[in-house]
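Before any comments, here is the structure.
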Protein chains: 2
Amino acid sequence: LQKLGKADETKDTVFEESVANFNKQMVEGTKLQRDLRAYLAAVKTMHDASKRLQDCLADMYEPDWFGKEEVDAIAEETDILWSDYHDKLVDNSMVSMDTYLAQFPDVKARIAKRDRKLTDFDSARHHFASLQKGKKPDQAKIAKPMSIVEKAAPGWAQGILSAHQIAQTNLTRNQAEEELGRAQKVFEEINIELQDELPQLWNSRVGFYVNTFQSMAGYQERFHKDMGKLNQDLNDVMTKLEEQRLANEAA
Amino acid sequence: LQKLGKADETKDTVFEESVANFNKQMVEGTKLQRDLRAYLAAVKTMHDASKRLQDCLADMYEPDWFGKEEVDAIAEETDILWSDYHDKLVDNSMVSMDTYLAQFPDVKARIAKRDRKLTDFDSARHHFASLQKGKKPDQAKIAKPMSIVEKAAPGWAQGILSAHQIAQTNLTRNQAEEELGRAQKVFEEINIELQDELPQLWNSRVGFYVNTFQSMAGYQERFHKDMGKLNQDLNDVMTKLEEQRLANEAA
């Protein structure tokens, strides 16, 4: 048992590190999800504000000004670009974020269950160990309900009760041994599972961060490229409108 | 006066159109200012949200992962790009917007003043015209305070009072003519000013809209170009991090 206890201790240090990593990973993931949600809300705000500003220009733009149709088209395309960007973030980044985070509550519950099973196992082990050593306090504890019977019983019955007590102690020791075996089996099952899963989950974070930020960077790159093009178009229309205005003034 | 009245009427139609344009221009400008302010607030929101998301990545990014320094640099440059974009909009678009709109309250007050001066002019003209025609109701009105004196005066004084009354009427007519001249001068001065200024202000809107949206499109084009580049850099770092991760897994 001393050897088993030592082995357990060694395993626990590694396991505790895994749990610390798990908690760090969950905190990071939760923060990333919150920041991503806030970013999505900001994209929505910016989309609305940009749309209102574009519509404002389109409304002021008089039909006889150069490029009326282009300005309307640019406003519409800008609106579509913002919608696409927002939807891509929701449909991909947000959904994969939710899937990733959905693993954590179950693992967290199983870590708590392993802790309870370890307590059960330790308690069964100590109980059995104390029965093996024939410790007085435990014997007294087990004999306690009998002593009332002993006191009440007549003298000739004392020997029978003593034999019964020895049989009872053996039965208790067998039960405790069985209990210890069961508790060990239950604990080791969940322990092996988590010893396997936690490092895997921990390692998976790198790939998840890469995917999340790489797809976001990809959408953004595309979005900024297209948006830059539309701004260039608007710039060109404005230049031509200015030329038209100067020509009108000269006429 | 009939001729002058007709000329005024013709002038007023043109002027009323100018005032309608002025009001349209002020409503458009005020809406543009409001939409631009909302857009600026949205840029601030988006800047904050983007910064939090970039900082989140930088905080999670472990020192031994590929491109730690690049990720920190990208986060810093993204922050600077957003700040620059916001500041450019405030320092240029917003300031020129405020300067443009600052003209309107003064012009609006002068349009209201012209309206009051036109009412004064019309009232002076009608007053003088009624004195010229020797209209009974107006005569009776002027004589009214005298009639109390007449009733109180003895018989021999009646002739003196009558002569006084004629002299008084001539004086009133001269005063009314002077008043008409003054009212006309005051009105025409402000009227000519506004007849000159309102179409100029109205025409200036095209150049202002061109400047506003052309500079905005210019800042945005630059911003989107630089931002697209940073996203491309982030994309590259993520690709290399993924390669590092796969190499570590294989090892």
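Below, read A as the first sequence line, B as the second, and so on, with proteins coming before strands; counting in each chain starts at 1.
Contact count versus chain B (heavy atoms, under 4.5 Å) is highest, among A:T45, A:V206, A:L40, for A:V206. Highest contact tally toward chain A, considering only B:E242, B:Q220, B:K229, B:R34, is held by B:Q220 [criterion: heavy-atom pairs under 4.5 Å]. The candidate with the highest count of non-hydrogen atom pairs below 4.5 Å against chain A, out of B:D35, B:N211, B:L32, B:D233, is B:D35. Ranked by heavy-atom pairs under 4.5 Å with chain A, the list B:Q244, B:E249, B:K225, B:K31 is led by B:K31. Ranked by heavy-atom pairs under 4.5 Å with chain B, the list A:G207, A:A217, A:G218 is led by A:A217.
Between the CG atom in A:D196 and the CG atom in A:N191 there is a gap of 11.0 Å [rounded to 0.5 Å]. To the nearest 0.5 Å, the span separating CD on B:Q184 from CD on B:E179 amounts to 12.0 Å. In this structure, CD1 on A:I190 lies 14.0 Å from CZ on A:F121, to the nearest 0.5 angstrom.
Inspection of non-hydrogen atoms places B:W82 of residues 68-103 of chain B under 4.5 Å from chain A. Annotation: residues 47-65 of chain A contacts chain B through A:A49, A:S50, A:R52, A:L53, A:C56, A:L57, A:M60, A:E62, A:W65 [non-hydrogen atoms, separation under 4.5 Å].
Contact of the A:M216 side chain with the A:Y39 side chain is registered, since non-hydrogen atoms from C-beta on lie closer than 4.5 Å. Contact annotation: the side chain of B:V19 approaches that of B:N23 to within less than 4.5 Å [non-hydrogen atoms, C-beta and beyond]. Between B:L241 and B:R245, every side-chain heavy-atom pair lies at or beyond the 4.5 Å cut-off.
Panel note: side chain B:N203, backbone B:P199; a donor-acceptor pair is recorded below 3.5 Å. Remark: side-chain polar atoms of A:Q214 are paired, donor with acceptor, to backbone N or O of B:N235 under 3.5 angstrom.
Contact between A:E221 and B:G228 at its shortest, heavy atoms only, is CG-O, 3.6 Å. In terms of heavy atoms, A:N231 sits closest to B:H224 at ND2-CD2, 3.4 Å. Of all non-hydrogen atoms in B:D115 and B:T119, the two that sit nearest each other are O-OG1, 2.9 Å.
If you measure heavy-atom distances from A:V237 to chain B, you find no contacts under 4.5 Å at all. At a 4.5 Å heavy-atom cutoff, the contact between B:K24 and chain A is made by side-chain atoms alone. Using a 4.5 Å cut-off between heavy atoms, A:R205 contacts chain B through its side chain alone, with no backbone atom that close. Residue contact with chain A, scored on non-hydrogen atoms closer than 4.5 Å, involves the backbone and the side chain of B:T239 alike.
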Could you go step by step and tell me if B:F15 and B:R114 meet the side chain to side chain contact (heavy atoms under 4.5 Å, CB included) rule?
CA-CA 11 Å; B:F15 191 82; B:R114 180 198 166 274; 3.1 Å; yes
Any chance you could lay out the side chain to side chain contact (heavy atoms under 4.5 Å, CB included) test for B:D120 and B:K117, step after step, and finish with the verdict?
CA-CA 5 Å; B:D120 292 351; B:K117 294 307 167 191; 3.9 Å; yes
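A:R116 forms no cation-pi arrangement with A:F187, by the criterion of a distance under 6.0 Å to the ring centre and an angle within 45° of the ring axis.
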